[in-house]
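Data block below; observations after.
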2 protein chains.
Amino acid sequence: MSELRTILADNLRRLRTAKGLSQEDLAGLADVDRTYVSLIERKKNSISLDKLEQIAIALNVQAYTLIKPEYD
Amino acid sequence: MSELRTILADNLRRLRTAKGLSQEDLAGLADVDRTYVSLIERKKNSISLDKLEQIAIALNVQAYTLIKPEYD
DNA sequence: TTGTGACTAATAGTCCGTT
DNA sequence: CAACGGACTATTAGTCACA
């Protein structure tokens, strides 16, 4: 399994819940489908760079922080 | 145009040439087609996370550094 | 050595639901 | 609120010939 998917899934869920957002809330902010946030958090697919950017903007973070390991 | 595509394109070309690698050399290391490296450096597509990881491994860098702005 | 067009195969991503 | 499925469309992955 891809290491990056796991890192992204963890970071995404952590940041999302820290802001008190549901998957649907975030989906609305990032203009992606409701089920898509779920797919990413469950590591079911490999997000494209463009979608990563959309989600980063919605969360007010730099895109690279979403795929950066926490210990780093 | 996506900001991330530009950042990735710049970082990739910089790292690749710094190691004295041709697009074809890198393609071989990352197990992708030569024209695919060309597409990324020309910002023609929105690479997936899995591919980003493959290329990062081939370059011996952390994946997030490929989409991190230089000034950061 | 790299850019590009044309193309097919595979997967990302959406939209409708149910549990 | 989140996991999950099926069916679908859009985009990316991957290959080739040629400039």
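Protein chains get the first letters and strands the later ones, always in sequence-line order, with residue 1 at the start of each.
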Residues from [range] sitting under 4.0 Å of DNA chain C, heavy atoms only?
range                     : result
residues 58-68 of chain A : none
residues 26-34 of chain B : B:Arg34
residues 11-19 of chain B : B:Arg13, B:Arg16

Heavy-atom closest pair, residues A:Ile67 and A:Leu4: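 For A:Ile67 versus A:Leu4, the nearest heavy atoms are O-CD2, 3.9 Å.
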Distances for protein N or O near nucleotides 5-8 of chain C N or O, under 3.5 Å:
none

Any side-chain donor near an acceptor of the partner, A:Asp50 and A:Ser48, under 3.5 Å: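 No.
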Residue pair A:Arg42 / A:Ser38, side-chain donor-acceptor N/O under 3.5 Å: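 A pair is found: one side chain offers a donor N or O, the other an acceptor, under 3.5 Å apart.
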With sequence neighbours excluded, residues passing side-chain contact (heavy atoms from CB on, under 4.5 Å) with A:Gln54: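 Once residues adjacent in sequence are excluded, the partners of A:Gln54 under the side-chain contact (heavy atoms from CB on, under 4.5 Å) criterion are A:Asp31, A:Val32, A:Lys51.
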Residues in side-chain contact (heavy atoms from CB on, under 4.5 Å) contact with A:Arg13, at least two apart in sequence or another chain: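 In terms of side-chain contact (heavy atoms from CB on, under 4.5 Å), with neighbours along the sequence ignored, A:Arg13 is linked to A:Arg16, A:Thr17, A:Gln23, A:Glu41.
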Sugar-phosphate only, base, or nothing, as touched by A:Lys51 at under 4.0 Å among non-hydrogen atoms: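 A:Lys51: backbone/sugar contact only, no base atoms under 4.0 Å.
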Sugar-phosphate only, base, or nothing, as touched by B:Leu39 at under 4.0 Å among non-hydrogen atoms: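 Here B:Leu39 touches no strand at all.
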Whole-Å gap separating P (C:dA12) and CZ (A:Arg42):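 So the two atoms are 14 Å apart, to the nearest Å.
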d(CG, A:Asn45; P, D:dG6) in whole Å: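 One finds 16 Å between P of D:dG6 and CG of A:Asn45, rounded.
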B:Glu53 with A:Arg5: basic N within carboxylate O range, under 4.0 Å: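 A salt bridge is absent here (no side-chain N lies under 4.0 Å from a carboxylate O).
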